[in-house]
J.: 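Let me give you the structure first, and then I'll get to my questions.
Just so we're clear, the structure is a prediction, and the values are computed from it rather than from any experiment. Letters go in sequence order (proteins before strands), and every chain restarts at 1.
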Number of protein chains: 2
Amino acid sequence: MAATINDVARVAGVSISTVSYALSGKRPIGEKTRQRVEAAIAELGYTPNAGARALAGRRTYILAVTEPVRPDTYTPAHMAFVLATATAARAYDYDVLLLTQDESLGGLQRVTTSRIVDGIIVLDVLAQDERAELVRSMGVPAALVGIPDDTDGLACVDLDFGAAAELAVDRLADAGHEVVGLLGHPESVYERGSNFTLRFRDAFLAHAARRGLQARFAMPERTIASVRSAMDRLLGPDRDLTGLVMHGEDTVQMRALDVLREQGLSVPGDVSVISAAATFDTSTFTPPLDTVPLIAEQSCSRAVELTIAQITGDAGPRVELIPPTYVERGSTAPRR
Amino acid sequence: MAATINDVARVAGVSISTVSYALSGKRPIGEKTRQRVEAAIAELGYTPNAGARALAGRRTYILAVTEPVRPDTYTPAHMAFVLATATAARAYDYDVLLLTQDESLGGLQRVTTSRIVDGIIVLDVLAQDERAELVRSMGVPAALVGIPDDTDGLACVDLDFGAAAELAVDRLADAGHEVVGLLGHPESVYERGSNFTLRFRDAFLAHAARRGLQARFAMPERTIASVRSAMDRLLGPDRDLTGLVMHGEDTVQMRALDVLREQGLSVPGDVSVISAAATFDTSTFTPPLDTVPLIAEQSCSRAVELTIAQITGDAGPRVELIPPTYVERGSTAPRR
DNA sequence: CTGAAAGCGCTTACAG
DNA sequence: CTGAAAGCGCTTACAG
């Protein structure tokens with residue numbers, strides 16, 4: 001059988017409370033005592049029993065992460081957020097329990113009331129999100145990666161998609177472009193209220209208007225045919241589009257670049273292109289694309305911090321927007 | 001505070017052991033007693049405390065799933081396996097703890113010795129896999145999705161990739177094709193010993209030889225340039241290739257179809273194409289592709305079953321190969 | 001068919 | 001700086 005705290009105490013010649021405190025650091029331990037304890041732990045290969053620790057300490061050091069995988073979700077991006085959450089959690093000695101959408105809200109409820117987890121990370125948040133309601137009503141420590149319409153009493157963190165869109169628009173406007181387009185997500189994504197796509201689109205259109213630009217918008221599906229027709233609409237009958245912002249899946253963006261090539265349009269010679277809020281690496285594209293990156297690690301580690309702060313009682317709900325940055329790779333140029 | 005088993009017992013007017021047994025079904029309960037217990041549980045919204053249950057019952061009802069995300073891993077496929085595992089686990093009342101590669105083997109060791117999990121599901125197995133060694137040496141209930149070189153003492157399950165390759169080759173050979181090609185994964189995938197890609201390639205080449213076919217093989221990267229040159233080699237200087245089997249990422253396969261189109265080659269008129277061991281939906285491709293599907297749900301639910309059987313002591317290690325099936329979508333035709 | 005009680009392996013006041 | 005002990009909320013022999 002695995003060694004217990006009693007075994008460690010016996011081998012070290014101390015009491016179990018001393019072993020426990022040596023482990024948690026919650027009270028000062030004499031230097032030689034600490035060494036004896038550490039030696040015993042090493043000798044026995046002792047690891048505390050998680051169940052016992054959870055029962056006595058009322059902490060499981062497990063966080064739930066809920067990531068609904070919907071039919072049109074873009075898996076790689078979502079996977080990146082799940083993994084980033086797991087990695088961030090480990091930095092705080094937390095493990096991560098993965099909740100799929102199968103049970104819908106039931107799973108969240110179950111792991112909370114059975115105290116399997118200390119807190120919850122909510123991914124891929126919708127403008128109206130049932131999970132946000134549940135988290136609010138249960139009062140469980142949690143953070144949302146994404147901003148729902150009603151953030152009251154909730155801890156939320158996300159890239160400032162509005163500012164990201166404005167940054168991209170400004171870049172194009174400053175370079176003298178007057179007709180710009182946004183190649184976005186499939187229509188279904190906007191329709192179900194995916195909050196970040198809406199925030200990006202609205203800010204893009206509003207800021208383009210503010211800067212006096214003519215702005216176009218298209219929502220392609222994944223297929224090449226759909227991308228081709230979306231690009232056709234963006235380029236316009238007169239082919240007068242010179243600034244393109246893409247916010248969507250990598251396959252769609254690659255296809256869009258293929259279409260530009262087909263049309264004999266060069267980047268950035270004829271069209272300046274920015275890949276906005278991309279979770280993938282646009283430096284391997286042909287050509288490499290300027291980007292306002294969406295860094296899963298940033299949002300997720302902040303979400304983990306906000307959740308743990310609630311667990312330890314160090315902080316309450318709050319909304320945090322992460323300021324965007326612009327990464328230049330040579331895919332934009334002044335209008336000619 | 002959340003209701004405990006004591007609360008339930010008091011409200012129902014029974015002892016806590018009766019409540020416990022009513023919940024577990026491990027001993028018969030009188031009909032009216034059961035009803036009183038159930039009413040009390042419903043009234044109080046009682047859910048057993050997971051930590052206490054784990055400590056007393058020596059079962060956490062949590063499975064670890066280890067999925068190393070390597071630089072060249074194809075995220076959507078791997079995500080599909082992770083999700084399929086989570087879903088399968090829930091069907092047996094298990095939750096899933098996601099282990100990233102950060103801690104490498106440390107995480108596996110930690111969750112095992114601290115008894116956070118009852119068993120382990122190992123995904124994306126290499127021919128030589130450290131995790132397999134660890135699982136073997138710790139004697140923890142586990143199942144691998146994939147077949148390492150040394151399966152001794154291990155429970156493994158996977159699609160029969162060899163048979164899958166043979167099925168594809170037979171399909172082409174039976175249709176009269178004499179020159180066939182395999183568009184595979186990037187070279188790095190084969191080099192690090194990803195077991196299923198190797199099994200597929202070897203069986204493809206061996207069976208093609210057995211059937212008297214000339215066989216070609218290429219390992220493209222993700223870029224269009226790489227796919228184009230790989231396809232160029234497969235088609236051959238005389239453009240005499242008429243049968244193509246693809247085993248790799250969806251983006252690469254889509255690009256390959258683009259290349260055939262560029263070359264003025266029609267599917268299946270000029271080239272018969274089969275997408276082998278695909279985790280994605282090839283029916284949305286242009287044109288829809290015949291496939292020997294790799295169904296994550298199948299492997300993963302079997303892996304979960306094998307693991308739980310070990311936990312409950314109902315079964316030991318074993319290797320299971322899932323027979324492949326052929327799905328026709330009209331992308332193959334007799335050679336003309 | 002049901003109950004009283006030991007015990008799972010920890011954490012944390014309480015004492016010194 | 002350290003120890004003895006209560007208690008966390010369950011499961012499961014042991015008794016009846």
Side-chain angles (χ1 to χ4, degrees), chain A residues 1-38 40-41 44-62 93 110-116 118 311-313, chain B residues 1-38 40-41 44-62 93 110 112-116 118 311-312:
Chain A
M1 287 313 303
T4 71
I5 198 172
N6 286 292
D7 301 323
V8 176
R10 185 167 16 79
V11 170
V14 298
S15 72
I16 64 164
S17 43
T18 296
V19 175
S20 178
Y21 284 116
L23 243 23
S24 68
K26 288 190 180 170
R27 85 180 180 189
I29 304 286
E31 185 46 34
K32 49 192 65 160
T33 307
R34 144 163 297 122
Q35 284 175 5
R36 287 218 310 283
V37 171
E38 279 168 5
I41 287 174
L44 297 169
Y46 169 71
T47 309
N49 178 294
R53 168 176 279 188
L55 183 56
R58 307 185 153 282
R59 283 269 245 300
T60 63
Y61 295 92
I62 300 179
D93 274 319
R110 181 173 52 79
V111 298
T112 305
T113 67
S114 64
R115 311 222 153 257
I116 294 180
D118 297 337
I311 294 170
T312 57
Chain B
M1 287 312 303
T4 72
I5 197 172
N6 286 292
D7 300 324
V8 176
R10 186 167 16 80
V11 169
V14 298
S15 73
I16 64 162
S17 43
T18 296
V19 176
S20 178
Y21 284 117
L23 243 23
S24 68
K26 288 190 182 173
R27 86 179 180 190
I29 304 286
E31 186 45 34
K32 50 193 65 162
T33 307
R34 145 164 295 123
Q35 285 176 3
R36 285 219 309 284
V37 171
E38 279 169 6
I41 287 174
L44 297 169
Y46 170 71
T47 310
N49 177 293
R53 167 176 281 188
L55 182 57
R58 308 184 152 283
R59 283 270 244 303
T60 64
Y61 296 92
I62 300 180
D93 273 320
R110 181 173 52 79
T112 306
T113 67
S114 66
R115 310 219 155 258
I116 293 180
D118 297 338
I311 294 171
T312 57

J.: Can you tell me if B/T4 touches the phosphate of D/dG9, counting only side-chain N or O atoms and a distance under 4.0 Å to OP1 or OP2?
T.: no
J.: Using only side-chain N and O atoms of B/Y46, determine if any of them is under 4.0 Å from OP1 or OP2 of D/dC10.
T.: yes
J.: Have a look at B/T18 and say if it touches a base, only the backbone sugar-phosphate, or nothing, with a 4.0 Å heavy-atom cut-off.
T.: sugar-phosphate
J.: Ignoring backbone atoms, test whether B/S20 places a side-chain nitrogen or oxygen under 4.0 Å from the OP1 or OP2 oxygen of D/dC10.
T.: no
J.: Report which part of the nucleic acid A/S17 touches: base, sugar-phosphate, or nothing (heavy-atom distance under 4.0 Å, all strands).
T.: base
J.: Considering all heavy atoms of both residues, which atom of B/V8 and which atom of B/A40 are nearest to each other, and what is their separation?
T.: O-CB, 3.8 Å
J.: Under a 3.5 Å cut-off on both pairing distances, which runs of 3 or more consecutive Watson-Crick or G-U pairs involve DNA chain D?
T.: C:1-3 with D:14-16, C:5-12 with D:5-12, C:14-16 with D:1-3
J.: Does anything in residues 4-32 of chain B form a salt bridge (charged side-chain N to carboxylate O under 4.0 Å, His left out)? List the pairs, not counting sequence neighbours.
T.: B/D7-B/R10
J.: Quick one: A/I16 CD1 to C/dG7 C1', roughly how many Å, whole number?
T.: 14 Å
J.: Round to a whole Å and report the spacing from CD of A/Q35 to C1' of D/dC1.
T.: 15 Å
J.: What integer distance in Å separates B/N49:CG from D/dG7:P?
T.: 17 Å
J.: Between B/N6 (CG) and D/dC8 (P), how many Å, whole number?
T.: 9 Å
J.: Atom CG in B/L23, atom CD1 in B/I41: separation rounded to 0.5 Å?
T.: 4.5 Å
J.: Under 4.0 Å between a side-chain N or O of B/K26 and OP1 or OP2 of D/dT11?
T.: no
J.: So, does the side chain of A/R58 form a donor-acceptor pair with the base of C/dT11 at under 3.5 Å?
T.: no
J.: When you check the side-chain N and O atoms of A/S20 and A/S17, is any donor under 3.5 Å from an acceptor?
T.: no
J.: Do the non-hydrogen side-chain atoms of B/I29 and B/V37 ever get within less than 4.5 Å of each other?
T.: no
J.: What closest approach, in Å, do B/L55 and A/G51 show between heavy atoms, and which atom pair accounts for it?
T.: CB-C, 4.4 Å
J.: Between B/D7 (CG) and D/dC8 (P), how many Å, whole number?
T.: 11 Å
J.: Can you tell if the side chain of A/I116 reaches within under 4.5 Å of the side chain of A/T60, non-hydrogen atoms only?
T.: no
J.: Without decimals, in angstroms, what is the distance between A/R27 CZ and C/dC14 C1'?
T.: 10 Å
J.: Would you kindly give the CZ-to-P distance between B/R53 and C/dC10, to the nearest whole Å?
T.: 21 Å
J.: Looking only at atom types and distance, does a side-chain atom of B/R115 sit under 3.5 Å from a main-chain N or O of A/N49, one as donor and one as acceptor?
T.: no
J.: Side chain of A/T33, heavy atoms from C-beta onward: which of D/dC1, C/dG7, C/dG3 has the nearest atom to it?
T.: D/dC1
J.: Could you say whether A/S24 or B/S15 is positioned toward the 5' end of DNA chain C, judged by the nucleotide with the nearest heavy atom to each?
T.: B/S15
J.: Judged by each residue's nearest nucleotide on DNA chain D, which is more toward the 5′ side, B/G57 or A/Y21?
T.: A/Y21
J.: Please pick, from C/dG7, C/dT11, C/dG9, the nucleotide with the shortest atom-to-atom distance to any side-chain atom of B/A56.
T.: C/dG7
J.: Base, sugar-phosphate, or nothing for A/I29, non-hydrogen atoms under 4.0 angstrom?
T.: sugar-phosphate
J.: Could you state the CG-P distance from B/L44 to D/dC10, rounded to the nearest angstrom?
T.: 12 Å
